[in-house]
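Positions are given from 1 along the sequence.
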Amino acid sequence: MWVSWLLALIILLLVVTGLSFGVLHYVEKQQIAQALQSLQTQSRMQLLRLNQILEHHDPQQVHFSAADIDAVWPRVNGDLATTPAALQQLARALQVDHVSIYYPQSALMIGAAVGENADESWQKSALLTEQLRQKSGSSAVIKNHLAISASSGKLTAYHFYSPSKQAFWLIASVAIKPLLQGQEGDPAALFDALFHIPSSNLIPNEVDILLQGPHGYYSVFTEQRLLIQPPLLGSQPVQDGQGRYFLALALEPQLSYSYIVIAVDFDLSIFQVARQRLGWGLALISILALLATYYLVRRHTQNWQATTLQLLQRYESAAHVEVSQDPALQPLEHFFLARRQAKQDQTLQQQAELNAAKDEGQHKAQLLAVQTSLRQQSEATLSELRIAFEMVNARLLEANRRLVHDAETDTLTGCGNRRQFEQMVSAEMSRAVRYGQQVCLLMLDIDFFKRVNDEFGHPMGDLVLVRLAELIKSQIRPSDTLFRWGGEEFALLVPSVTQEQAGLLAEKLRQYIASAHFPHRHTLTISIGLAAFRVSDSFDEWMQRVDAALYQAKSNGRNRVESAAENKE
């Protein structure tokens, strides 16, 4: 009886402990939800305050005005698309950190910051281009853009300005901290209180303010890019695998193109201590339950062993006497005697069947051995034939692949030859006509290549051609294809771009080749002619327009880019 009461008490304690865990988890979630809601409300109010500051501040305080632009613009207008140093000159004149030029027609962004090198400027241009490519708007609507500087990581505000009668936007950025210094009160306190967590029952271990960008998240406090990747953000707070909570706040129209992400790691030590104490209690209850179970199993096992021993003793007595006076043992004796007789009869029958089938079994075994030997020989022959066929088939496929590759590839440079060029150009023309896509063709020719062959020999000229092909391939997309047209002429097929974008690519290639090193330790220049495909063009007409553009580039002094449209005009 007392064992049953003990089991009931243990079950009751387990139920109470489980309910305690549930209540503790519910209280913890409620406290976290309340703290997150309070933080979200205060952060939205601070963002509204930041919008008001950006909307009413005086642009003259950061030396950004149309008069400064008009004064500097004529000196740098001709080099904006190719020279980031020109934009750095404009940034110094405006006394701002960063200046960019955005071309809405091609969704292309080119920018530079004071003190950056050319590679950093191009990286920033690619980042801003990718960010603005997916957005729409105009300079009348977009006034500011909150972002992180790609070079320093500082929190900045980008100001958009569209000069009159110009097909681009001028963008200059200033740091927000200096901007807040012009406000009333303590600027450091105003900035530090911008996103502080409000008073709560929970104490945060860590609070960080992140800005969400196309290539990662940037910390406002540490002013550097973070490796942390928060989960998919929505309108409600979310939690990652490490227990950190994230709030994504959409910025107001004044601060477009960005999201503020608040990362909070709460101090849950109180709940952890309570959970630990409940765990110790649960462990103690489990130990008591195991001891009680062990006692019951042991007691039941002892009773079962005693009963089994009595039955075995009775069985042994009944097996050695023919007549038993104990009525309880007579059925057991009859059972074992009948079982012994049935077993003897079964043994005699099996022996007779075994003797009868012995001769037949030997004969069948001999036949089976012969059949097995023949089957193994046949399988070995078929396996050898299968292996030989697979080897011949593999050699044929490899030979066919090599023939196709040799027929469509230039053996010197590894580029496509004329045959492959005609096939791919015809396919791109059909795709452009069917789907309305744009495609451009560039023809590149080395200037004064005959001098290289005459001065250094044809083997050195071959090395120069191989080096040129490698340099061009390193600067184009995987979807672009380079062909060797003949001699020192190359053709570049560029799908899904406009003629203006192809012109920017051609100018980039021309500058890159002019600054590269070649095996003969001299510099080389190239002339480039380009033309976009028109639906009315045939293959020959398109090629004639590209050749005419290349001839025009040669005639105009070489080391330049000419397009068919400009040549036609």
Side-chain angles (χ1 to χ4, degrees), residues 24-51 53-54 127-128 130-132 134-135 144-150 152-158 175-177 180 190-272 274-275:
L24 181 64
H25 180 73
Y26 174 77
V27 173
E28 179 181 358
K29 290 299 182 183
Q30 289 294 321
Q31 291 286 342
I32 293 175
Q34 182 179 2
L36 290 175
Q37 184 177 6
S38 179
L39 175 62
Q40 191 174 32
T41 301
Q42 178 169 339
S43 300
R44 292 189 183 279
M45 294 174 60
Q46 299 294 353
L47 284 177
L48 181 60
R49 171 59 179 160
L50 180 59
N51 263 302
I53 294 173
L54 291 176
L127 186 146
L128 293 177
E130 182 65 24
Q131 190 179 38
L132 296 178
Q134 304 174 359
K135 304 298 181 179
N144 295 290
H145 159 44
L146 191 63
I148 284 290
S149 173
S152 65
K154 292 183 179 180
L155 183 65
T156 57
Y158 284 81
I176 286 185
K177 284 187 177 181
L180 293 176
L190 176 61
F191 183 80
D192 293 337
L194 188 58
F195 297 108
H196 274 185
I197 186 169
S199 58
S200 172
N201 294 331
L202 294 179
I203 301 176
N205 287 334
E206 182 180 357
V207 179
D208 200 359
I209 307 302
L210 311 179
L211 280 180
Q212 185 182 33
H215 298 288
Y217 293 83
Y218 297 88
S219 171
V220 175
F221 290 161
T222 62
E223 297 183 348
Q224 62 183 359
R225 183 183 177 192
L226 301 181
L227 297 178
I228 184 173
Q229 293 297 332
L232 184 63
L233 300 177
S235 58
Q236 299 298 326
V238 296
Q239 186 179 15
D240 63 359
Q242 287 71 34
R244 172 172 289 195
Y245 291 86
F246 295 91
L247 293 173
L249 304 179
L251 302 182
E252 300 299 328
Q254 284 293 114
L255 302 175
S256 57
Y257 296 166
S258 296
Y259 280 87
I260 287 289
V261 182
I262 304 178
V264 187
D265 184 9
F266 289 108
D267 182 7
L268 303 177
S269 58
I270 298 177
F271 298 100
Q272 292 175 355
R275 197 177 289 108

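The salt bridge (Lys or Arg N to Asp or Glu O under 4.0 Å) analysis of residues 29-39, with sequence neighbours excluded, yields no pairs.
The environment of CD in Gln37 is sparse: at most 12 heavy-atom neighbours from other residues, nucleotides or ligands sit within 6.0 Å.
Taking OH of Tyr245 as the start and CD1 of Ile32 as the end, the distance is 3.0 Å to the nearest 0.5 Å.
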